[in-house]
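Right, one structure below, let's go through it.
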Amino acid sequence: MPAIVLLGAQWGDEGKGKVTDLLGARVDYVVRYSGGNNAGHTVITPDGQKYKLHLMPSGALSPNATTVLGNGVVIDPKVLLEEMDGLAARGVDTSGLLISGDAHLIMPHHRALDRVVERYLGKARIGTTGRGIGPAYGDKVARTGIRAQDLLDPGILRQKLELVLREKNQVLTKVYNRKAIDVDAVVEEYLAYAGRLRGHIADTRAVLWDALDRGDTVLMEGAQATMLDLDHGTYPFVTSSNPVTAGACVGTGIPPARVSQVIGVIKAYTTRVGSGPFPTELFDEAGAHLLKVGDEYGTTTGRERRCGWFDAVVGRFAVRLNGITDLVVTKLDVLSGLPKVRICVAYEIGGERVETMPTTQTAFHHATPIYEELDGWWEDITKARTWSDVPANARRFLERVEELCGARISVAGVGPGRDENVIRHHLLPPAPPR
Ligand code: GDP
Ligand code: IMO
Ligand code: MG
């Protein structure tokens with residue numbers, strides 16, 4: 001039975017949390033496969049409760065879904081425990097969470113280095129979330145990382161920490177003029193976390209293989225997004241993991257051939273947080289409309305998101321790269337009231353028309369969008385639930401997006417609530433009658 005990947009097709013914050021939550025009642029497992037608490041996924045349940053999730057998979061709000069943090073995730077145990085406590089205080093049971101023993105931990109030196117490196121980069125900074133993500137993945141690749149399983153063995157934990165801090169403390173004190181990190185204090189702090197997390201650490205790969213063999217449905221919930229992918233995104237203005245479909249397999253241990261569906265979540269316009277090229281970025285009234293009506297402020301850092309028109313070059317790239325089978329276009333409601341809406345269909349670079357992702361970063365920096373302009377719509381569409389409820393001009397917009405991106409649009413989001421969607425094709429087969 002199916003393994004489904006759900007991921008962001010732009011620069012993040014497309015509404016992945018909402019769509020995961022929408023499917024939560026129909027899936028047995030929800031697995032995060034990449035990133036850490038740089039993610040901020042907003043879920044609004046039908047009773048109007050708003051949750052902002054950073055590490056817990058958005059399936060946490062669906063009572064029957066088992067939540068899993070796969071080996072590809074980087075975990076800040078302090079943040080995870082605070083999040084679990086916060087959910088428990090609101091009556092959400094997180095006791096079933098499973099954590100891969102191979103997932104790497106974010107340590108105090110990762111957070112310290114993330115902040116200080118950004119400061120030293122000055123104008124060239126990435127605009128990271130400051131959560132220690134890059135340095136944690138850096139240690140993973142350098143083979144000096146500390147993993148969830150190391151929490152189970154105090155001797156090993158100390159040994160690994162002493163080794164890595166021998167170098168990192170030199171860097172912190174001598175290069176960046178910061179205080180050294182005390183090994184004893186960190187061991188004590190992390191052993192306290194170990195006491196609470198021990199029971200959650202599991203062989204998540206085997207759990208997921210067994211689930212798929214039984215015929216259960218496993219949803220792999222992406223964080224960050226295609227254009228922030230370390231290999232395929234707008235490097236160096238990217239995150240340090242692989243949010244794309246291939247990353248879902250690496251980050252969970254689920255073999256590629258078991259993936260039967262890839263859901264790409266994409267906004268009806270584009271946003272980006274942090275630095276880096278963004279061809280369709282707007283600095284005019286339309287941009288102000290998207291920021292205000294779309295309430296585009298970061299879930300994790302509260303930063304204003306940069307806003308721009310829909311970029312079909314990015315959309316087409318994401319569809320091909322991830323093998324997207326279904327698009328969910330979110331925030332269509334935010335475009336209501338604009339007299340004209342624009343879609344970037346290609347770029348002009350050095351006087352030439354380019355319809356695919358430019359080969360070099362320099363070319364992407366110099367790309368100016370070539371737009372197609374469509375008539376807007378004035379109607380409030382937040383109550384639309386079927387395709388025929390959608391005003392003709394909004395339908396034309398979606399049909400053009402579909403044509404340019406090359407994947408069918410199955411759902412259009414018309415509000416932040418779980419049920420505020422136009423369903424055109426069911427993402428999962430309808431539930432059998434009870
Ligand atoms: P994620 O990181 O991809 O999960 O997305 P975020 O939660 O960071 O940002 C998406 C924001 O858009 C959240 O505030 C959602 O509640 C909101 N949202 C999601 N879908 C829709 C939609 O269709 N319409 C509107 N108006 N808001 C939406
Ligand atoms: P969700 O899952 C939007 C961006 C940061 C920065 C870059 C690198 O909510 O869509 P990092 O801290 O990862 O080293 O920062 O990536 N970024 C996100 N932007 N949504 C996210 O997650 C993001 N996670 C990281 O703003 O530009
Ligand atoms: Mg987000």
Side-chain angles (χ1 to χ4, degrees), residues 6-22 32-45 50-55 57-58 73-74 76 106 110-111 113-115 117-118 125-138 221-230 233-241 243 264-278 290 292-306 328-336 380-382 384 411-422:
L6 184 151
L7 47 73
Q10 295 157 318
W11 276 281
D13 304 324
E14 296 89 351
K16 298 176 288 293
K18 174 191 154 174
V19 183
T20 299
D21 175 64
L22 168 69
R32 274 279 305 270
Y33 60 85
S34 69
N37 57 308
N38 46 349
H41 296 178
T42 316
V43 173
I44 301 176
T45 49
K50 186 174 190 171
Y51 298 89
K52 292 181 174 189
L53 302 168
H54 300 287
L55 264 167
S58 304
V73 176
V74 286
D76 188 327
I106 295 182
H110 297 138
R111 288 192 300 265
L113 284 166
D114 193 356
R115 299 216 175 99
V117 168
E118 278 282 277
R125 69 180 174 275
I126 311 290
T128 73
T129 59
R131 303 298 193 260
I133 305 296
Y137 280 113
E221 179 189 4
Q224 292 72 59
T226 304
M227 299 306 288
L228 290 172
D229 186 275
L230 180 60
T234 47
Y235 189 91
F237 302 102
V238 293
T239 192
S240 298
S241 66
V265 186
I266 196 161
K267 262 182 211 177
Y269 49 97
T270 313
T271 63
R272 168 160 212 180
V273 196
S275 324
F278 179 0
L290 298 175
K292 185 159 169 272
V293 181
D295 192 23
E296 294 295 352
Y297 296 90
T299 311
T300 298
T301 56
R303 287 178 290 179
E304 214 172 78
R305 295 176 182 146
R306 300 157 64 192
V328 175
V329 178
T330 56
K331 300 194 120 170
L332 185 66
D333 53 304
V334 175
L335 296 185
S336 291
D380 170 8
I381 60 169
T382 54
V411 176
V414 292
R418 185 186 284 173
D419 301 321
E420 291 179 304
N421 303 297
V422 170

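Along the sequence shown, the residues carry numbers beginning at 1. Side chains are part of it too, since the values below use all heavy atoms of this structure and drop only hydrogens, waters and symmetry mates. Just so you know, ligand 1 is whichever comes first in the structure, and atom 1 is the first atom listed for that ligand.
- Note: an N/O pair closer than 3.5 Å links Thr239 and ligand 2 by distance alone.
- Protein N/O/S atoms closer than 2.8 Å to the Mg ion (ligand 3), listed by chain and residue number, are Asp13 OD1, Gly40 O.
- Residue Lys16 has at least one nitrogen or oxygen atom sitting less than 3.5 Å from a nitrogen or oxygen atom of ligand 1, judged on distance alone.
- Those atoms of ligand 1 that come under 4.0 Å of a heavy atom in Arg305, given as number and element, are 8 (O), 9 (O).
- The shortest side-chain heavy-atom distance between Arg418 and Ile44 does not fall under the 4.5 Å cut-off.
- When only interatomic distances are considered, the shortest N/O to N/O separation between Ile44 and ligand 1 does not fall below 3.5 Å.
- A heavy-atom separation below 4.0 Å is not found between Ala225 and ligand 2.
- Protein heavy atom closest to atom 16 (O) of ligand 1, with residue, atom name and distance, is Pro416 CB, 3.4 Å.
- For atom 10 (O) of ligand 2, the nearest non-hydrogen atom from the set Glu14, Lys16, Arg125 comes from Lys16.
- The nearest non-hydrogen atom to atom 4 (C) of ligand 2, considering only Leu228, Thr300, Ile133, comes from Leu228.
- Considering Thr129, Asn38, Thr128 in turn, Thr128 is the only one that fulfils the side-chain hydrogen bond (donor to acceptor under 3.5 Å, both in side chains) rule with Asp114.
- Annotation: the span from Asp380 atom CG to Asp333 atom CG amounts to 8.0 Å, rounded to 0.5 Å.
- Among all non-hydrogen protein atoms, the one lying nearest atom 22 (O) of ligand 2 is Gln224 NE2, 3.4 Å.
- Among all protein heavy atoms, the one lying closest to atom 24 (N) of ligand 1 is Asp333 OD1, 2.9 Å.
- Between Leu290 atom CG and Thr271 atom OG1 the span is 9.5 Å, to the nearest 0.5 Å.
- The closest protein non-hydrogen atom to atom 10 (C) of ligand 1 is Asp13 O, 3.6 Å.
- Not one N or O of Ala39 is nearer than 3.5 Å to an N or O of ligand 2, by distance alone.
- Side-chain contact between Tyr51 and Thr42 is absent, with no heavy-atom pair separated by less than 4.5 Å.
- For the pairing with Arg305, the side-chain hydrogen bond (donor to acceptor under 3.5 Å, both in side chains) check across Asp295, Asp13, Thr270 returns one residue only, Asp13.
- Residue Arg131 places no N or O, backbone or side chain, under 3.5 Å from any N or O of ligand 2.
- Salt-bridge annotation for Glu296 and Lys331: present, with a side-chain N of the basic residue lying under 4.0 Å from a carboxylate O of the acidic one.
- Given atom 15 (C) of ligand 1, the protein heavy atom at minimum distance is Thr42 CB, 4.0 Å.
- Counting heavy atoms from C-beta outward, Ser34 and Glu221 have side chains that stay 4.5 Å or more apart.
- Under a 4.0 angstrom heavy-atom cut-off, Gln10 registers as lying outside contact with ligand 1.
- In this structure, Glu118 and Ile126 have side chains that are in contact, with non-hydrogen atoms separated by less than 4.5 Å.
- Residues satisfying the ring-ring contact (aromatic ring centres under 6.0 Å, His included) test with Phe278, not counting sequence neighbours, are Trp11.
- For atom 20 (N) of ligand 2, the choice among Asn37, Asn38, Asp13 with the nearest heavy atom turns out to be Asp13.
- Close approach of ligand 1 to Gly413 is summarised as follows: ligand atoms under 4.0 Å from at least one heavy atom of the residue are 23 (O).
- Here Lys50 has no heavy atoms under 4.0 Å from ligand 1, in either its backbone or its side chain.
- Each of the atoms 4 (O) of ligand 1 lies under 4.0 Å from some heavy atom of Gly17.
- Taking 4.5 Å as the limit, every side-chain heavy atom of Val238 sits out of range of all side-chain heavy atoms of Asp229.
- For ligand 2, one of its N or O atoms has an N or O atom of Val273 under 3.5 Å away.
- For Gly415, the closest heavy-atom approach to ligand 1 falls below 4.0 Å.
- In terms of protein heavy-atom proximity, atom 12 (O) of ligand 2 is nearest to Thr129 OG1, 2.6 Å.
- Thr330 has its side chain within reach of Val265: a pair of non-hydrogen atoms, C-beta onward, lies under 4.5 Å apart.
- Annotation for Val43 and Gly17: closest pair CG2-O, 3.6 Å, computed over non-hydrogen atoms.
- Of the candidates Gly274, Gly36, Gly127, Ala223, Gly127 brings a heavy atom nearest to atom 6 (C) of ligand 2.
- Gln10 and Tyr269 are not linked by any side-chain donor-acceptor pair at a separation below 3.5 angstrom, with hydrogens and angles left out of the test.
- In terms of protein heavy-atom proximity, atom 15 (O) of ligand 2 is nearest to Thr128 CA, 3.3 Å.
- The environment of Arg303 atom CZ is dense: over 12 non-hydrogen atoms of other residues, nucleotides or ligands sit within 6.0 angstrom.
- Selection from Val265, Val238, Thr301 by nearest heavy atom to atom 8 (C) of ligand 2 gives Val238.
- Ile133 has its side chain within reach of Ile106: a pair of non-hydrogen atoms, C-beta onward, lies under 4.5 Å apart.
- Polar contact check, Gly12 against ligand 1: no nitrogen or oxygen pair lies under 3.5 Å apart.
- Close approach of ligand 2 to Trp11 is summarised as follows: ligand atoms under 4.0 Å from at least one heavy atom of the residue are 3 (C), 19 (N).
- Those atoms of ligand 1 that come under 4.0 Å of a heavy atom in His41, given as number and element, are 1 (P), 2 (O), 4 (O), 7 (O).
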task: Test Gln224 against Thr239 for side chain to side chain donor-acceptor pair (under 3.5 Å), laying out the working first.
output: CA-CA 8 Å; Gln224 292 72 59; Thr239 192; 4.7 Å; no
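- The nearest non-hydrogen atom to atom 11 (C) of ligand 1, considering only Lys331, Glu420, Glu221, Lys18, comes from Lys331.
- If you take OG on Ser58 and NZ on Lys18, they are separated by 12.5 Å, rounding to the nearest 0.5 Å.
- Close N/O approach between Gly40 and ligand 1 is found [any backbone or side-chain N/O within under 3.5 Å].
- When heavy-atom distances to ligand 2 are checked against a 4.0 Å cut-off, Arg303 comes that close only through its side chain, counted from C-beta outward.
- Residues passing the side-chain hydrogen bond (donor to acceptor under 3.5 Å, both in side chains) test with Arg111 are Asp76, sequence neighbours excluded.
- Between atom CG of residue Leu332 and atom CG of residue Asn421 there is a gap of 11.0 Å, rounded to the nearest 0.5 Å.
- Contacts of Val414 with ligand 1, taken as heavy-atom pairs under 4.0 Å, involve the backbone alone.
- With sequence neighbours excluded, the residues that form a side chain to side chain contact (heavy atoms under 4.5 Å, CB included) with Ala225 are Glu14.
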query: Can Thr20 and Lys16 be said to form a side chain to side chain donor-acceptor pair (under 3.5 Å), step by step?
result: CA-CA 6 Å; Thr20 299; Lys16 298 176 288 293; over 6 Å; no
